[in-house]
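Below you'll find the structure, written out as C-alpha cells, and then a few comments.
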2 protein chains.
Amino acid sequence: MNNQQFDLSNWQSHGYSCPVEATLDIIGGKWKSVILYHLIDGEIRFNELKRLVPGITQRMLTLQLRELERDGIIHREVYKQVPPKVEYSLTSFGETLIPIIKSMLHWGIEHTEKIVQHREQAEVKD
Amino acid sequence: MNNQQFDLSNWQSHGYSCPVEATLDIIGGKWKSVILYHLIDGEIRFNELKRLVPGITQRMLTLQLRELERDGIIHREVYKQVPPKVEYSLTSFGETLIPIIKSMLHWGIEHTEKIVQHREQAEVKD
DNA sequence: CAGTATCCGTAATGATACTG
DNA sequence: CAGTATCATTACGGATACTG
C-alpha cells in the first residue's frame, strides 16, 4: 500500500521533521481543536466558549485563544462598551483548518463508543 | 454559515464535551499523529521509527507506542530472534484514522511556510 | 463581561545508563 | 535491536483572587 501521493522531497522543513509535525504545532494544544470546532459555526463570545468547553479553565481558554490569534487562525473583535463584549471568529486562514476539524469530528462521532469500551476492557487486565 | 451537518443530540458523551475531544484523547499526544503518519505506508521497526521522528526520545517513543497499542490503534509484532525485531503497523481500526492524518498532512504541506513567516513577524513585535 | 495575576501541583518529557 | 529503569526538569494546566 502506498498512500503517500505527495512528493515530500521539496518540502522545506523549517525545523519540522514532517508536515504533520508542523500542523500539530498549530492545533496541537489540548483544547485548540475543540475551540476551533465551536468556532466553525460563527463567532462566539468568551463566556459562551467557556460554557461550550466545560473542562477548560478561564486561564487556559485565554492562553489558547491568544496563541490561535497570534498564529493568525482566529480573529478577536473587541466591542468598546460596558460591559465589555469580545467575539472570536475564524480568520479565512483559520478556515483552512476546517477539513481537519471535521475529520476529527466525524471520527469521534463514529468511534468514541468503541474506544471507551476498549479502554474499560484494558483496565480489567491491569 | 451552518457547517454542522450532524445531529449531535444523540451523541453519548462518555465524559467528553464533544466528539472532537474524544478524538483528541486518542491522537492528542505530542507525537502520536506523526507516528501514525509514518505507519500509513506499512509496518515499521522500532529503530526505523526513531530515525523518522528525530525529535523524539527512545523513552517517549516507547510510551506513545504503548498507548496507541492499548487503544487498539496499532499492532505490535514481535519476531522471536536474536537480535530482536519488532514491527509496528496500523490495525484496521487504526486505519480509520488515516483521513485525519492525511488532512493534517495536506494542511502542513500547504501552509507551513505561511505559519513560519507569520511567527517571525510576531517575534519582531515582541 | 472578559479578562490578569499569583501561586502551585503534577503530568509530560528529557538525559542517561543499563539489559535480555 | 528494542527496549527498561531511574532521576531530573519543565511545561501544562488548575485554583483562587482580583480588575478595567
Side-chain angles (χ1 to χ4, degrees), chain A residues 15-18 20-21 24-36 38-39 42-71 74-89 119 123 126, chain B residues 15-18 20-21 24-36 38-39 42-71 73-89 119 126:
Chain A
Y16 303 113
S17 73
C18 76
V20 175
E21 222 178 290
L24 235 42
D25 207 17
I26 299 302
I27 59 163
K30 185 174 177 182
W31 302 102
K32 285 183 184 173
S33 319
V34 177
I35 291 171
L36 295 177
H38 290 297
L39 290 179
E43 71 275 330
I44 310 188
R45 297 179 62 170
F46 185 84
N47 274 351
E48 279 184 78
L49 215 38
K50 198 153 61 113
R51 268 189 298 277
L52 290 170
V53 191
I56 200 171
T57 59
Q58 195 165 26
R59 173 189 142 84
M60 282 313 299
L61 181 54
T62 302
L63 288 175
Q64 304 273 294
L65 287 170
R66 290 291 180 280
E67 288 188 19
L68 289 169
E69 189 190 359
R70 182 203 59 192
D71 289 335
I74 63 174
H75 171 70
R76 179 170 179 263
E77 182 74 33
V78 183
Y79 296 85
K80 289 223 165 189
Q81 60 183 50
V82 181
K85 171 177 169 181
V86 178
E87 280 186 344
Y88 293 91
S89 56
R119 290 222 172 145
E123 273 176 37
D126 284 347
Chain B
Y16 303 114
S17 72
C18 75
V20 175
E21 224 179 287
L24 236 41
D25 208 16
I26 299 301
I27 59 164
K30 186 174 179 183
W31 302 102
K32 285 183 183 173
S33 320
V34 177
I35 292 171
L36 295 177
H38 290 297
L39 290 178
E43 70 276 331
I44 309 187
R45 298 179 61 169
F46 185 85
N47 273 352
E48 280 184 78
L49 215 38
K50 197 154 62 112
R51 269 189 299 277
L52 289 170
V53 191
I56 200 170
T57 59
Q58 196 165 26
R59 174 187 141 83
M60 281 312 299
L61 181 55
T62 302
L63 289 175
Q64 303 273 294
L65 287 170
R66 290 291 181 280
E67 287 189 18
L68 289 169
E69 189 189 0
R70 182 203 59 192
D71 289 336
I73 306 298
I74 64 173
H75 171 70
R76 179 170 179 265
E77 182 74 33
V78 182
Y79 296 85
K80 289 222 165 191
Q81 58 183 49
V82 180
K85 171 177 169 180
V86 178
E87 281 185 343
Y88 292 92
S89 56
R119 289 220 171 148
D126 283 348

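Residue numbers start from 1 in every chain, and the chains themselves are labelled A, B, ... in the order their sequence lines are given, proteins ahead of strands. Bear in mind that the values here come from a model prediction, so they are computed numbers and not experimental data.
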With F46(A), the side-chain contact (heavy atoms from CB on, under 4.5 Å) member among K85(A), E87(A), Q58(A):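 Among K85(A), E87(A), Q58(A), the one meeting side-chain contact (heavy atoms from CB on, under 4.5 Å) with F46(A) is Q58(A).
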Rounded off to whole Å, could you give me the [atom1]-to-[atom2] distance for the [X] and [N] pair?
{"X": "R51(B)", "N": "dA2(D)", "atom1": "CZ", "atom2": "C1'", "value": "12 Å"}
{"X": "K32(B)", "N": "dT13(C)", "atom1": "NZ", "atom2": "C1'", "value": "14 Å"}
{"X": "Q81(A)", "N": "dG20(D)", "atom1": "CD", "atom2": "C1'", "value": "14 Å"}
{"X": "L61(B)", "N": "dC1(D)", "atom1": "CG", "atom2": "P", "value": "14 Å"}
{"X": "E48(A)", "N": "dG3(C)", "atom1": "CD", "atom2": "P", "value": "13 Å"}
{"X": "F46(A)", "N": "dG20(D)", "atom1": "CZ", "atom2": "C1'", "value": "15 Å"}
{"X": "Y79(B)", "N": "dG3(D)", "atom1": "OH", "atom2": "P", "value": "13 Å"}
{"X": "I44(B)", "N": "dG3(D)", "atom1": "CD1", "atom2": "P", "value": "14 Å"}

Base dT13(C) to side chain R59(B), donor-acceptor N/O within 3.5 Å cut-off: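 Check passes, donor-acceptor contact within cut-off.
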Spacing of CD1 belonging to I35(A) relative to NZ belonging to K30(A), to within rounding of 0.5 Å: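 Between atom CD1 of I35(A) and atom NZ of K30(A) there are 12.5 Å.
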Pairwise distance CG(L68(A)) to CG(L63(A)) - rounded to 0.5 angstrom: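 Nearest 0.5 Å value for the CG-CG distance: 11.0 Å.
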Any R76(B) side-chain nitrogen or oxygen under 4.0 Å from OP1 or OP2 of dG3(D):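 Indeed, a polar side-chain atom of R76(B) lies that close.
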Under 4.0 angstrom between Y88(B) side-chain N/O and dG3(D) OP1 or OP2: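 For dG3(D), OP1 or OP2 has a side-chain N or O of Y88(B) closer than 4.0 Å.
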Q64(B) or K85(A), whichever maps to the more 5' nucleotide of DNA chain C: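 Upstream on the strand: K85(A).
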4.5 Å side-chain heavy-atom contact, T57(B) and R59(B):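 Yes, at least one pair of side-chain atoms sits under 4.5 Å.
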L65(A) and E69(A), any side-chain heavy atoms less than 4.5 Å apart: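 No; the side chains remain at least 4.5 Å from each other.
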Identity of whatever pairs with dG20(C) - Watson-Crick or G-U, under 3.5 angstrom: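 Check on dG20(C): paired to dC1(D), both distances under 3.5 Å.
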Among dG3(D), dG13(D), dG3(C), the one nearest M60(A) by side-chain distance: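 Nearest to the side-chain atoms of M60(A), counting from C-beta on, is dG13(D).
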First of R45(B) and K30(A) reached from the 5' end of DNA chain D, by closest nucleotide: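 With R45(B) and K30(A) compared, the 5'-side residue is R45(B).
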